[in-house]
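What you are looking at is a predicted structure, and each value in this text was computed from that prediction instead of being measured.
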Amino acid sequence: MIITLPDGSTREYEVGTSPLQVAESISGRLAKEALVSRINGVAKDLNTPIRSDSSLEILTFNDEYGQHTYWHSTSHLMAHAIKELYPEAKFGVGPAIDNGFYYDFDINTKLSLEDLDKIEKKMVEITNRDEQFKRSELSKKEALALFNGDEYKNELISDFDEENEIISIYGEGNFTDLCTGPHLPSTGKIKYFKLLSVSGSYWRGDEKNKQLQRIYGVSFPKKKMLEDYLERLEEAKKRDHRKLGKELELFHITHEVGAGLPLWLPKGTILREALENFLREEQKKREYQPVVTPHIGNINLYKRSGHYPYYKDSQFPPIKFEGDDEEYLLKPMNCPHHFQIYSSKPRSYRDLPIRLAEFGTVYRYEQSGELNGVTRVRSFAVDDSHMFVRDDQLKDELCSVIDLIQYVFKTLGFEDFVTQLSFRDGDDEKYGGAKELWAKAQTEIKEAADLMKLNYKIEEGEAAFYGPKIDFMVKDALGRKWQLGTVQIDYVMPERFDLEYTGADGQKHRPVVIHRAPFGSLERFIGILIEHFGGDFPTWLAPIQVAIVPVSQNFFDYAEKIKQALKDADIRVEFDTRNEKIGYKIRHWETQKVPYMLIVGEKEVDSNSVSVRRHKVGDKGAMALDEFIAEIKNEISNKIINN
RNA sequence: GCUGACGUAGCUCAGUGGUAGAGCACAUCCUUGGUAAGGAUGAGGUCACGGGUUCAAGUCCCGUCGUCAGCUCCA
């Protein structure tokens, strides 16, 4: 038979030759590194006999799928070790994920971090036995019999469609697991691994089900790769916004105020206002109208919108005064207030689009386990706008909103965000409004996304209850995905709030509402921004832009003059008058990640100059003060990112 | 909300039943210096909070609050 390799070359082998044997015939090294193969594009074990002319890929750890298989097999190895240590163990699922693998299981012992060492040691023992992963296929009936007594596997097997799916199991030594495969040839292939964390997870992701235990881990064929990976994890922790937020004095969270209720410190507020002003300027150019609305509102507004009944559990309870029949709600979103502004006078088709914008603080009672630094909180400001548009304006307006969000992200250096179109999922009752309007909205959103060349993924079932949306997602330092910007089309609220305008025909018409927020939540956006820059903010955002460091107290007068000049030029400056040596002060301002230090001593006084030191770069030499001011002003006004 | 871990000085952390510690930061003094830590002295604690066991609790047990990882949720 003829085997075609990825480079297009062909080789002839006897029928029944396995991918591993092919690899051996090509090179010893390839055979050693081979993990799994693709025969005619289908992933197969290395020992699968090939029966006819085929194309063949031999995959190593350099291939994504090779890594995937490596991690998947490691998860089986871990399950095997758990089964040997805890014979009562029953197993859920154990897939490979982006960076490693996990396995869910049910055992009588509550595992702690120390137990992971024990499991790791058992895994080493099993890899030393170098047992082969052996595949076999069986009928549904046989499979049910084999996993008799394991309700999780039984449930998985029962879901199999025997007509179209093959049920397979993999065994290594005395451990057998239900699995579609493929796997590595043997446990000995798995060299270096680390179990990272243990936690709970609901069976099949449903909180009504029993909670299993889950162990996450990662593995590599070379020791250096594991070490590098663990080092990257450590590096990532240094970027953690909760750590940097404290070190750089940006925000403070204390249970004395309340969980998830961040306090913005002076330096964090400078950063926050810089972002707000940036967006305000952009919105002014794009003809948005700023508005301001209260932090609470009559509960009827939210009953009418449908938010109150739908999200009752994640809202702070209503506020009620004795002797007053009215109930008020801390506003969980800004839309109803903005709708009232729209309705405050009759609107003509000539007025549309109307774009009302507000940095509106909203309050949501997020589940305690969900709170996370400043990225998931109970009080946050949305850079909200509600845009009231005619049908014929919708697509243009969507495009202009996407353009704004792209501009914001680009200015802040977010290059690798992903976009998700969230559509409805069938007939679920939770969705409000007519189905035809949904279909129309989804089409419009997709057309706008295509026009604006967004690289998107469509997620069915992720829509808001009132309409489909586009979400802009960015990953944090630890690889967790967060939604930042969002654009949502809404035909439902205009109905519920009876919004209208008078058309050219003199008749009443309904506007369409677009909800949009480029940052999403200011709190979350800043959290991600901190991690994105690792605290080394571009100068226009840096809370302190310049630190003046005199060489000794003899030069304080000159330093004071420099400080005044910078303040006059509207630059955020600190003058370090502490009684310390210069090296000490430089270290301090470096750790504070201040973009520029100006060192002034005898030389500078004599030549009427400043010595410039750039954060993370070092001494840039002396220059005239005016020259420095011109350069930094340019850097600030152009929002230059030079990290 | 669930499972597990954790909570000691402003920060990072040591302290496994017997008189609360270190480094950094802070204050005072000496020192007046040239690109990442000069020296001395000092102040700083309801060991998260509440209860219990014990002659004795930072330490053991229970509860509450909070933090962290993951799950679930996310207008």
Side-chain angles (χ1 to χ4, degrees), chain A residues 102 104 110-115 196-216 237 240 242-243 246-247 249 252-260 302 305-308 310-315 331-336 362 364-373 376 382 384 430 462-467 469 471 478 480 482-483 486 488 490 493 515 517 520-521 524 549-556 578-591 597-604 611-622:
Chain A
Y102 68 79
D104 287 349
K110 300 281 183 199
L111 295 182
S112 69
L113 240 42
E114 291 88 75
D115 296 314
L196 298 167
S197 66
V198 55
S199 61
S201 80
Y202 300 106
W203 166 238
R204 305 210 118 181
D206 188 335
E207 64 180 326
K208 290 195 242 359
N209 288 340
K210 175 159 184 180
Q211 193 161 53
L212 308 179
Q213 297 191 70
R214 170 178 296 183
I215 295 178
Y216 284 88
K237 283 186 191 155
D240 190 316
R242 292 164 299 197
K243 183 175 154 68
K246 216 178 267 179
E247 286 172 2
E249 297 178 6
H252 178 60
I253 302 178
T254 166
H255 70 275
E256 307 247 19
V257 174
Y302 308 98
S305 73
H307 286 99
Y308 184 70
Y310 193 75
Y311 292 104
K312 195 168 184 288
D313 292 342
S314 48
Q315 286 173 188
K331 68 176 170 184
M333 82 288 302
N334 300 302
C335 4
V362 297
R364 298 178 186 176
Y365 192 81
E366 304 288 1
Q367 297 183 37
S368 60
E370 269 309 326
L371 300 176
N372 181 282
R376 191 78 187 269
V382 183
D384 225 343
K430 73 175 192 178
E462 293 293 312
F465 73 84
Y466 51 75
K469 54 179 184 164
D471 289 326
L478 296 172
R480 296 174 294 200
W482 294 93
Q483 178 209 303
T486 185
Q488 307 170 2
D490 184 354
M493 296 298 153
H515 308 243
S521 137
R524 174 178 296 174
V549 180
V551 171
S552 84
Q553 290 176 344
N554 299 329
F555 312 106
F556 273 20
R578 290 175 303 172
N579 178 13
E580 293 292 348
K581 290 171 86 165
I582 185 171
Y584 178 91
K585 294 187 189 181
I586 285 170
R587 180 172 191 280
H588 173 78
W589 296 109
E590 282 290 339
T591 58
M597 272 178 247
L598 297 183
I599 316 290
V600 293
E602 195 173 357
K603 271 189 312 196
E604 290 75 18
S611 279
V612 179
R613 184 190 165 97
R614 184 79 174 97
H615 174 51
K616 288 174 96 174
V617 176
D619 191 359
K620 307 255 287 178

Base of B:A75 and ring of A:Y466 stacked, centres under 5.5 Å, planes under 30°: no
Identify, with sequence neighbours excluded, every residue that meets salt bridge (charged side-chain N to carboxylate O under 4.0 Å, His left out) alongside A:K237. A:E234
Is a salt bridge present between A:E590 and A:K616, judged by a nitrogen-to-oxygen distance below 4.0 Å? no
Detail all sub-3.5 Å separations between protein N/O atoms and N/O atoms belonging to nucleotides 36-38 of chain B.
from	atom 1	to	atom 2	distance (Å)
B:A36	N7	A:R613	NH2	3.3
B:A36	N6	A:E590	OE1	3.3
B:A37	N7	A:R587	NE	3.2
B:A37	N6	A:R587	NH2	2.6
B:A37	N1	A:R587	NH1	3.4

Taking salt bridge (charged side-chain N to carboxylate O under 4.0 Å, His left out) as the definition, give me every residue that meets it alongside A:D104, ordered by chain and number, with sequence neighbours left out. A:R214
Across all chains, not counting sequence neighbours, the side chain to side chain donor-acceptor pair (under 3.5 Å) partners of A:E604 are A:S611
Heavy-atom protein contacts under 4.0 Å, nucleotides 5-12 of chain B, coded B base, S sugar-phosphate only, - none: ------SS
Counterpart residues, side-chain contact (heavy atoms from CB on, under 4.5 Å), relative to A:I582 (two or more places apart): A:V549, A:V551, A:I586, A:I599
Only counting residues at least two apart or in another chain, list the ones meeting side-chain contact (heavy atoms from CB on, under 4.5 Å) with A:K620. A:V612, A:R614, A:V617
Sequence neighbours left out, what passes salt bridge (charged side-chain N to carboxylate O under 4.0 Å, His left out) with A:E249? Give chain and number order. A:K267
Salt bridge (charged side-chain N to carboxylate O under 4.0 Å, His left out) filter on A:D206, not counting sequence neighbours, yields A:K208
Letter per nucleotide, 5' to 3', of nucleotides 59-71 of chain B [B base touched, S only sugar-phosphate touched, - untouched; heavy atoms, 4.0 Å]: -------SSSBBB
For A:D240, all residues meeting side chain to side chain donor-acceptor pair (under 3.5 Å), sequence neighbours excluded: A:R242
For A:I253, which residues count as a side-chain contact (heavy atoms from CB on, under 4.5 Å) partner, sequence neighbours excluded? A:F251, A:P262
